[in-house]
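First comes the structure, then the notes that go with it.
What you see is a predicted model; the values in this text were computed from it and never measured.
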Amino acid sequence: MPAVVIIGLLIGVPAVIIFFLRANAAIVFLSLCAGSVLAQFVSSDSVRLVNSFTPSSNSVNLDTIRLGLLYAPAFFTILFVRGKVHGIKNTINLILALSVGIVGVLLAVPLMPGGIRHNITSSNIWPTVEQYQTVIVAIATVLSLLSLWFNKPGHGKDKKSKHK
């Protein structure tokens, strides 16, 4: 599969899922960041734990565990916060959802198995992505934080009115 298609899927699939499930992309972005921390610090111990329960012929690959730890928090966050974004905020959320996909690619590619990683990093588009990764991550972080800071929680209809 061409590298451009893989990159497109890694960006597009999360963005589309976040957009259509109306999940708060800023929270998903922060969950992806938490997944990155998990992948970095917990993956080695996780591989040992998983392999202790499986036969030696079916040992789990470190790359697989790292990718799972990277994306699992974001996946569960999408499930738990779906349907929370409405109206014009959904348009802004689409930009944030795309940033989740782009940052997800930047975090996932170094964790991928050698052949796929080499296919992507040797493509024509990857040097451009790497060149702008600092700007991409900074903008995605600032947009996500601004969205969280200035997004007032909705006034729920289920709140009881005060009676005197």
Side-chain angles (χ1 to χ4, degrees), residues 1-85 93-123 125-145 147-149:
M1 185 179 300
V4 175
V5 173
I6 295 171
I7 292 171
L9 288 173
L10 286 172
I11 293 171
V13 169
V16 167
I17 291 171
I18 291 167
F19 182 75
F20 283 112
L21 291 180
R22 293 177 304 154
N24 188 329
I27 296 172
V28 176
F29 175 78
L30 295 177
S31 297
L32 184 68
C33 294
S36 177
V37 171
L38 284 174
Q40 181 178 357
F41 292 107
V42 179
S43 58
S44 298
D45 292 331
S46 297
V47 168
R48 283 192 292 275
L49 178 68
V50 171
N51 284 337
S52 70
F53 292 110
T54 59
S56 60
S57 62
N58 293 332
S59 63
V60 176
N61 188 336
L62 178 63
D63 297 331
T64 305
I65 292 289
R66 284 183 176 161
L67 286 170
L69 288 171
L70 173 65
Y71 281 112
F75 172 77
F76 285 112
T77 299
I78 291 169
L79 290 179
F80 290 125
V81 300
R82 69 183 183 273
K84 302 289 184 187
V85 178
N93 201 51
L94 178 60
I95 296 166
L96 291 170
L98 287 169
S99 72
V100 168
I102 295 168
V103 172
V105 167
L106 289 170
L107 293 171
V109 168
L111 304 178
M112 291 183 171
I116 297 171
R117 181 178 54 237
H118 177 71
N119 187 17
I120 293 172
T121 57
S122 64
S123 71
I125 194 171
W126 188 251
T128 305
V129 173
E130 275 190 322
Q131 179 182 0
Y132 294 109
Q133 73 181 354
T134 303
V135 174
I136 292 167
V137 171
I139 289 172
T141 302
V142 168
L143 288 175
S144 294
L145 289 173
S147 174
L148 290 171
W149 293 337

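- Going from atom CD1 of Ile6 over to atom CD1 of Ile125 covers 12.0 Å, rounded to the nearest 0.5 Å.
- Counting all heavy atoms, side chain and backbone alike, Ala25 lies closest to Asn93 at N-OD1, 2.8 Å.
- Between Phe19 and Leu98, every side-chain heavy-atom pair lies at or beyond the 4.5 Å cut-off.
- Atom CG of Leu30 sits about 6.0 Å away from atom CG of Leu145, to the nearest 0.5 Å.
- In plain terms, the two heavy atoms of Gly104 and Tyr71 that are nearest each other are O-OH, 3.3 Å.
- Between the OG atom in Ser122 and the CZ atom in Arg117 there is a gap of 11.5 Å [rounded to 0.5 Å].
- Considering every non-hydrogen atom in both Leu38 and Pro73, the closest pair reads CD1-CG, 3.9 Å.
- Inter-residue side-chain proximity for Leu143 and Ser99 is flagged as unmet; no heavy-atom pair is nearer than 4.5 Å.
- Rounding to the nearest 0.5 Å places CD1 of Ile27 at 14.0 Å from CG of Leu32.
- Residues Leu69 and Ser46 approach most closely at CD1-OG, 4.0 Å, considering heavy atoms.
- Taking OG of Ser144 as the start and CD1 of Ile95 as the end, the distance is 11.5 Å to the nearest 0.5 Å.
- In this structure, Arg48 CZ and Leu62 CG are separated by 10.0 Å, a value rounded to the nearest 0.5 Å.
- Side-chain contact between Trp126 and Ile7 is present, with heavy atoms from C-beta onward closer than 4.5 Å.
- The minimum heavy-atom distance linking Ile18 with Ala97 is given by the pair CG2-CB, 3.7 Å.
- Counting heavy atoms from C-beta outward, Phe29 and Val103 have side chains that approach closer than 4.5 Å.
- Proximity of Ile120 to Val105: side-chain heavy atoms (C-beta onward) are nowhere separated by under 4.5 Å.
- Under the side chain to side chain contact (heavy atoms under 4.5 Å, CB included) test applied with Met112, the options Leu67, Asp63, Thr64 reduce to a single match, Leu67.
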